2 protein chains.
Amino acid sequence: MSNKKVFEQSNLQNLTVNTDSFECSITTDIAVFGYVDHRLKILLTKRSVGEFTDHWMLPGGVMEGNETLKDCASKVLVALTGVENIHFEQVKVYSAIDRHPIKRVITVSFYAMIRPENHPLFLKGNVEQIAWFDMDEIPKNLGFDHSQIIHDAYMFLKNNLKDRLVMGELLPKKFTLTELQGLYEDILGLQLDKRNFRKRIFQMDILKNTGEVKAGIKGGPILYEYRVDKKA
Amino acid sequence: MSNKKVFEQSNLQNLTVNTDSFECSITTDIAVFGYVDHRLKILLTKRSVGEFTDHWMLPGGVMEGNETLKDCASKVLVALTGVENIHFEQVKVYSAIDRHPIKRVITVSFYAMIRPENHPLFLKGNVEQIAWFDMDEIPKNLGFDHSQIIHDAYMFLKNNLKDRLVMGELLPKKFTLTELQGLYEDILGLQLDKRNFRKRIFQMDILKNTGEVKAGIKGGPILYEYRVDKKA
DNA sequence: ACAAAAGTGTTTGCGCTACACCCATGC
DNA sequence: GCATGGGTGTAGCGCAAACACTTTTGT
């Protein structure tokens, strides 16, 4: 351990950082993205209690002592949609002191991607309304700092799209390359070249040809599925 | 707002997510990187109280009610090094239930970059030792999950290096391009081509020629400094 | 004057982009 | 059989990597 300065204990004043715990609320807010009708959507809720009762906001909930943040996010999502085993990705922590109008609440945002048709929505507890909103039709006056959270999560999603493949299940289990390309185009908000897109996807080597073709569509497009033996 | 399913309130059972707060500790752990003698270093501490008293660990501290996470990170860093106005970047949240052996502690990791020579270390409070460790000489048995946190922060740093310029102050205010290149090489762990590196840096347009040359070095290298009028 | 480090352009190769036709299936 | 969408290859271009010599200063 060369080249290292070590200072032994001396009697200086106490560290201003203390090691006591303090009372706080930790929540997770989840940006659940869906893909319907060639549009990227996000799931928002309206609550009957709490702050911002007349505002749309992200589904979110308080973390409890016996769960991790991912557990918490999963719990919230299950409670809202019934869906389980969904891939979550941590996005960011929000800790502005006044982000909650009456108490101190720190929130960790996650994002998840589901197919709305697979997950019927159930209103539970203090949730008055649930709705899928088009990404370009999100109300301006969301509760808390959720506009910012959505913005950050969307940027995160777009960035991840660049190199990795979309995780989660925005598409059916078996899908055509055209469907996958449409998803990319709708998320990124631009048009892609069919041949170049296919090259890129095949290079990633994450799709498996199911041997089936999708019926009802001219041309007889091949159905693919994600390879499970591939990581990332 | 087309194509949106809205569900009105119905009397289903309560959401399992409750909105009550629960008792918890939130801390920040800071991966403070330094650059000395052509080696990337990280600042570790040993504590006289608390868990893992005989283990090295990242500087970290509990968040208080009147501060944001960044405030907290800054506070901890100031308390340890006296340095202020340092750029922090949030890395990740760690919420494993058993990551603290006796109580529930959630930590948010940050990273920062300083020049050790600018910031003499002061032992305060329950800190017994402080030391700069070479990145490849980090003790195996750090306290808590700090090995993981360091690993993640280092990856984060390397990724940021790819496109952005190194923020923070790992180098003197005025530095030569060779020094900057050495920093990149030492952080990334590989060798770079001098001419290509210079092209890349100049393209970024973030350096200002001070007009001075560094004395005592053959060749008379030009001293540069970061442009303050550039964002990102 | 000699050694050591700084500074500077050009060529090459690879990957990304642009682009058009044939094939399979639905109707 | 005709219209619609699926599937395929190649040429050009821009960016990044490879590469060597001259200039400056210290000793």
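Only a predicted model underlies this, so the values are computations on that prediction, with no experimental measurement involved. Proteins get letters first, then strands, A, B, ... in listed order; numbering begins at 1 in each.
- Which of D:dT8, C:dT8, C:dT10 sits closest to the side chain of B:Lys194 comes down to C:dT8.
- The residue among B:Gly220 and A:Ile222 whose nearest nucleotide of DNA chain D lies closer to the 5′ end is A:Ile222.
- Nucleotide D:dG9 holds its P atom 18 Å from the CZ atom of A:Phe197, rounded to whole Å.
- Taking atom CD on B:Gln203 and atom P on D:dA17, their separation rounds to 11 Å, with Å as the unit.
- When distances are taken from the side chain of B:Lys199 to each of D:dG7, D:dA17, D:dG9, the shortest belongs to D:dA17.
- Heavy atoms only, all atoms of each residue included: B:Phe144 and B:Arg99 are closest at CD2-O, 3.4 Å.
- Ranking C:dC19, D:dG7, D:dA3 by closeness to the A:Lys218 side chain, first place goes to D:dA3.
- No hydrogens or angles were tested; on distance alone, a donor-acceptor pair under 3.5 Å links the side chain of A:Arg195 to the base of C:dA20.
- Within the 4.0 Å cut-off from OP1 or OP2 of D:dG7, at least one side-chain nitrogen or oxygen of A:Arg198 is found.
- Here B:Thr176 lies out of heavy-atom contact (under 4.0 Å) with every strand.
- Set against D:dT25, D:dG6, D:dC19, the side chain of A:Pro221 has D:dG6 as its closest nucleotide.
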Derivation of the salt bridge (charged side-chain N to carboxylate O under 4.0 Å, His left out) call for B:Glu67 and B:Lys75: CA-CA 9 Å; B:Glu67 61 189 6; B:Lys75 174 189 71 181; 2.7 Å; yes
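- In this structure a side-chain-to-backbone donor-acceptor pair under 3.5 Å is present from B:Asp193 to B:Asn196.
- In this structure a side-chain-to-backbone donor-acceptor pair under 3.5 Å is missing from A:Gln90 to A:Val108.
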